[in-house]
Participant: 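My structure is below; once you've seen it, I'll send some questions.
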Number of protein chains: 4
Amino acid sequence: MDYVHPMFRSHPRHAYIRPGLVECVDACNDCAMVCLSCADACIAENKGDTLAACIRLNLDCAALCTATAQMLARAAGPDWIVLSAALRACEAACAACAAQCGQHAQHMEHCRICAAACHACEEACRLLLGSTAEAK
Amino acid sequence: MDYVHPMFRSHPRHAYIRPGLVECVDACNDCAMVCLSCADACIAENKGDTLAACIRLNLDCAALCTATAQMLARAAGPDWIVLSAALRACEAACAACAAQCGQHAQHMEHCRICAAACHACEEACRLLLGSTAEAK
Amino acid sequence: MDYVHPMFRSHPRHAYIRPGLVECVDACNDCAMVCLSCADACIAENKGDTLAACIRLNLDCAALCTATAQMLARAAGPDWIVLSAALRACEAACAACAAQCGQHAQHMEHCRICAAACHACEEACRLLLGSTAEAK
Amino acid sequence: MDYVHPMFRSHPRHAYIRPGLVECVDACNDCAMVCLSCADACIAENKGDTLAACIRLNLDCAALCTATAQMLARAAGPDWIVLSAALRACEAACAACAAQCGQHAQHMEHCRICAAACHACEEACRLLLGSTAEAK
């Protein structure tokens, strides 16, 4: 069952919620979980230094996706300058993590899936940044 | 598109992943977002002290759901004693938040949805705790 | 007793740790706690809508300070583009929260302290961004 | 400069703040940072599977310490049942992480410091749980 979408619609100020915002919340949460799981899988691969940069970017990307999702959940009256800066940081982390995991995508299915989730979140952040820019 | 479930299946140690674990990840993430949104909606209701306890429990529940989901994403080789303690804390927070939001469910749709999401997460934690107990 | 500073010095790649990094970790952690406490105090003030924007910015600032501190703790081999974007987002949140809390500083001691902690963290982020720019 | 302690004293309901609470906030925040840094250092050691359990426990302990510190910052009107469950989970994570890092303490300074920070946080949680039990 889905609770997040009905919750956003029931918000007393839901008229202020931008197009693409709920999709960005979903993408950030999915990406955070996938990145944490990919870091754990990379550790289990036992390939030493080869995956060290990947593990660090996974954890950084998860931290920024989590913070961004938390801010997006306070959708009623956001400070758009602060939120835009968070979305740009999240977009940068997703792009870097997608590029890093993409290098291992052919050999490790978890890195392939993680790169896809990062690309999707990067795109969701970019779309929301676009609609935010128009709105100001 | 769903990335979390394929990611868990692609984990090199996915055979260790317990029944109910992926469902609990989903329930924790949904509950965290719904609780943060309910806190924001409660603030926007502008009802002062009436909702103060609700806002605090919403934020506490979100913090524990987020931490629990992060731990569950490292599914390959968890420390079951630590994970069980986290699941019990998460279950307690969900139960308390569901009871608190339930008191306002008739008057505020966001509290009704939040109580439902908390109940679902409480149940998902309890089921996973049961399968964990059997597994030890 | 302080564990964070000796820990950073004991890191196998501590030579890579930039000037200002450990100070920024401390400032981010302090600011996150102070912002969460200020949000809680604002709720306890029971002044309704007057403090709604303050509570939201407090929570947003705490989320970004927490994520930034987590990233800074992985100091051995950071992706400077991603880290710089996070530092800029944290700096923006601290500036906005300091301005908002500053409006209430004369009447509420917790908002005065929170504005000071936000200013200190904003400055620590700016200093680290400067040393990062030189290093690239 | 310290902002956290004056902030707690300025809280409109500071009379409700238990002995040991502010110390526990400090211990949780220190432990979270030290654990994240130890995980990063363990990855940089490039010792493969030997440190995999240590890295996972470090990350789990950091997640629970962070959530517990966030809850403790809302000190004015906590739900003691929920807070106690969080403190017990944090205590369990610190004990497990201290034991794991303790095994590597002779060979790696970062694991020695991490074990000490975990022990200190475990003790701070236990003391606060004791004062909480009396208070109910």
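Chain letters run A, B, ... following the sequence lines, proteins first, then strands; residues in each count from 1.
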Participant: Report, in residue-number order, which members of residues 88-106 of chain B are under 4.5 Å from chain C by heavy-atom distance.
Facilitator: none
Participant: Non-hydrogen atoms of chain B under 4.5 Å away: do they reach the side chain of C/Ala39, the backbone, both or neither?
Facilitator: neither
Participant: Before giving the answer on side chain to side chain contact (heavy atoms under 4.5 Å, CB included), spell out for C/Leu59 and B/Leu59 the whole-Å C-alpha distance, their side-chain angles and the decisive distance to 0.1 Å.
Facilitator: CA-CA 10 Å; C/Leu59 295 175; B/Leu59 296 175; 4.1 Å; yes
Participant: CD1 of B/Ile55 to CD1 of C/Ile55: how many Å apart, nearest 0.5 Å?
Facilitator: 6.0 Å
Participant: Working to the nearest 0.5 angstrom, can you tell me the gap between C/Arg56 CZ and B/Ile43 CD1?
Facilitator: 5.5 Å
